[in-house]
Protein chains: 2
Amino acid sequence: MELNLTEVLSWTVLAREGHYGRAADELHVSTSCLTKRIQRLESQLGTVLVERGPGGVLAITGTGRLFAVRAERLLDDARRLATSAHEPAAPVVVGVPGFDGARVFEHWARNQPPTVRETLATFVCWVGIAFDHLDLALKSQRVDIMLTAGASTQPGIRSTRLWPLDRIGLVARSHPLSGRRTVPVEQFATLPFLRSAAAPPDWMSLWCLGDVRPMSEARMVEVAPRSMSDVLGSVARGSVVAVSPTLVGPVLPPPVSYVRLEGAPPAWYFAHTRHDEPRRVVTEVLRLLASIPAEQTFA
Amino acid sequence: MELNLTEVLSWTVLAREGHYGRAADELHVSTSCLTKRIQRLESQLGTVLVERGPGGVLAITGTGRLFAVRAERLLDDARRLATSAHEPAAPVVVGVPGFDGARVFEHWARNQPPTVRETLATFVCWVGIAFDHLDLALKSQRVDIMLTAGASTQPGIRSTRLWPLDRIGLVARSHPLSGRRTVPVEQFATLPFLRSAAAPPDWMSLWCLGDVRPMSEARMVEVAPRSMSDVLGSVARGSVVAVSPTLVGPVLPPPVSYVRLEGAPPAWYFAHTRHDEPRRVVTEVLRLLASIPAEQTFA
DNA sequence: GGGGATTACGAAGGACGTAAGAATA
DNA sequence: TATTCTTACGTCCTTCGTAATCCCC
């Protein structure tokens, strides 16, 4: 079912060496063992990684080469994950949307005034959550606090309003609207929107301008983004637009530009916690976050 | 040696359920099997993931929870890697520095004039390479073309000069130089520099301003970045500065800002290929890249 | 014949399930 | 006594190495 990383590692070595004998030596196994590892991997992936000839390895296939170079990253990530398990963990885990969301909030926390900064640094660990796990992350105890835009209607979850949130529209630089400073929000709402079916509707609504016109009137294009960079990639391709917090405006890659949304209704960041949260330190962090004045947030 | 993803998956399920019986049901194994999977994982990681009590699971440890939420991303990456093996591979693999470098070049390729764009789209696949694998990637046949700044002195590698390259200085927003538009390059060169020991010196030199003053005079801080975001993270923490291509200027996260380097010597992008590269399509892509006028690059 | 990969086969080890055990409540 | 996890133990399957095989140069 799941990939076997030993087999994956074996493939990266074989792809590099181009020779079963040398790769097997490097891995400290027999060539027959390596043969079988590669065969298992190939049958599991359902692809041919290497072209065999009677005189040995004829060639690494295109698929195999691409798999090797991508696999190297996975192996590296796996090793980092394993070593990160030794580091001490902060007691309060705060989730933010998107795998790459954590970085933004880590930065933000570091730029707070000293008392806030140090409290956050000692008690809080930021983690990015895939868009389709946003409400599961809280319920399954993955995180203690989930920071998103918009309140949750999920049972058992308490939402605390934090800071005001301005939204901007993201369009490809090749899009007709690119270059405009401002677009009426009603006009923007008629464009085809990027939509993640798996994301909680409570949360998705704000980013599809569900508060401007009924969601049923929105034109949607389904994608399955896990992180903001996936969203930006889709937008850059040109067929859809998206809405995001002002926060990401200065971080956009060159092929994406943003427009201000004129007349957009007000929106807020919310902190979500479990209703039965027993831990004092969690409520203290929540209080701290709520006490931060709007000017020190992302305005 | 390598992490076992079946065990990792089992842990994410157990951490979510907080109960061996339910988690085992969900995984379609017996509780005793699950017990042993978790024990193996714990002994391999060398940490305690769950506090056991006689009445069952007492609590998931902080380490265990953080491991679970991070592991979910690894599992997702692994599944994506496995499915990506079915997609057809472009014949020419072009490597760019840093795991996240590919995205920038994909965007860039998409914004070329139609003929160039379509040729690149059909023949080229961009992959990001960790900084410490830059010259290995070519030799081990991982990539056909490696795009970096600076020529290579490695034997067997042919470097083709492509486009002029402007460099900027990256500093934390809290850094004294932040806010300055321009800094004399000699002054910037005296700051403590981020340095990756594993990266090839040929390549690292440009980013440590080795062409401004001898590398021996540079103040270095060792880190092991794999991608531009690792670099940006170190810079944001405030103790070091870095140099990057102008290209990343518009992509910086809020806590990092950039200054122009006044008087920086000229630099170039280079395409590196194996000297014995037999494939016609590779040289054709190389020729295409070289033919792109400077204005259409990253100026 | 020699180099290179796969297949055959037997051995070792790992992973699994059933069932018993231990510790609460 | 019911619940929950761990341990004991037997079974089966996987993985490995040695050695034989196949195939071209």
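It should be emphasised that the depicted structure is a prediction, and the values quoted were computed from it without experimental measurement. Here is the naming used below: chain letters follow the sequence lines, and residue numbers restart at 1 for every chain.
Nearest nucleotide to the A:Ser30 side chain, out of D:dG17, C:dT18, C:dG4: D:dG17. The listed nucleotides are C:dT6, D:dT7, C:dC16; the one nearest the side chain of B:Arg37 is C:dC16.
Between A:Leu5 atom CG and D:dT15 atom C1' the separation is 17 Å, expressed in whole Å. Here the P atom of nucleotide D:dT4 and the CD atom of B:Glu17 are 13 Å apart, to the nearest Å. In this structure, the CG atom of B:Leu14 is 14 Å from the C1' atom of D:dT6, given to the nearest Å. The distance between atom CG of A:Asn4 and atom P of C:dG14, rounded to the nearest whole Å, is 14 Å. The nearest whole Å value for the distance from the CG atom in B:Leu34 to the P atom in C:dT18 is 15 Å. A:His19 places its NE2 atom 10 Å from the P atom of C:dG3, with the value rounded to the nearest Å. Distance, A:Glu2 CD to C:dA15 C1': 17 Å, rounded to whole Å. Atom pair B:Ile38:CD1 and D:dT4:C1' shows a separation of 15 Å (rounding to whole Å applied).
Below the 3.5 angstrom threshold, one finds a donor paired with an acceptor across the side chain of B:Ser32 and the base of C:dT18. One N or O donor and one acceptor, one from the side chain of B:Lys36 and one from the base of C:dG17, sit under 3.5 Å apart.
At the phosphate of C:dT6, OP1 or OP2 sits under 4.0 Å from a side-chain N or O atom of A:Thr35. Here A:Arg40 reaches the OP1 or OP2 of D:dC16: one of its side-chain N or O atoms lies under 4.0 Å away. For the OP1/OP2 pair of C:dT7 and a distance below 4.0 Å, the side-chain nitrogens and oxygens of A:Gln39 include at least one atom meeting the criterion.
Under the 4.0 Å criterion applied to side-chain N and carboxylate O atoms, B:Arg158 and B:Glu277 are not assigned as salt-bridge partners. Note on A:Asp144 versus A:Arg274: salt bridge recorded, some NZ/NE/NH1/NH2 to OD/OE distance being below 4.0 Å.
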Under the side chain to side chain donor-acceptor pair (under 3.5 Å) criterion, do A:Ser152 and A:His272 qualify, and how do the steps go? CA-CA 7 Å; A:Ser152 172; A:His272 310 283; 4.9 Å; no

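Within 6.0 Å of CZ in A:Arg287 there are 12 or fewer heavy atoms belonging to other residues, nucleotides or ligands.
Between the side chain of A:His133 and the backbone N or O of A:Leu136, no donor-acceptor pair lies under 3.5 Å.
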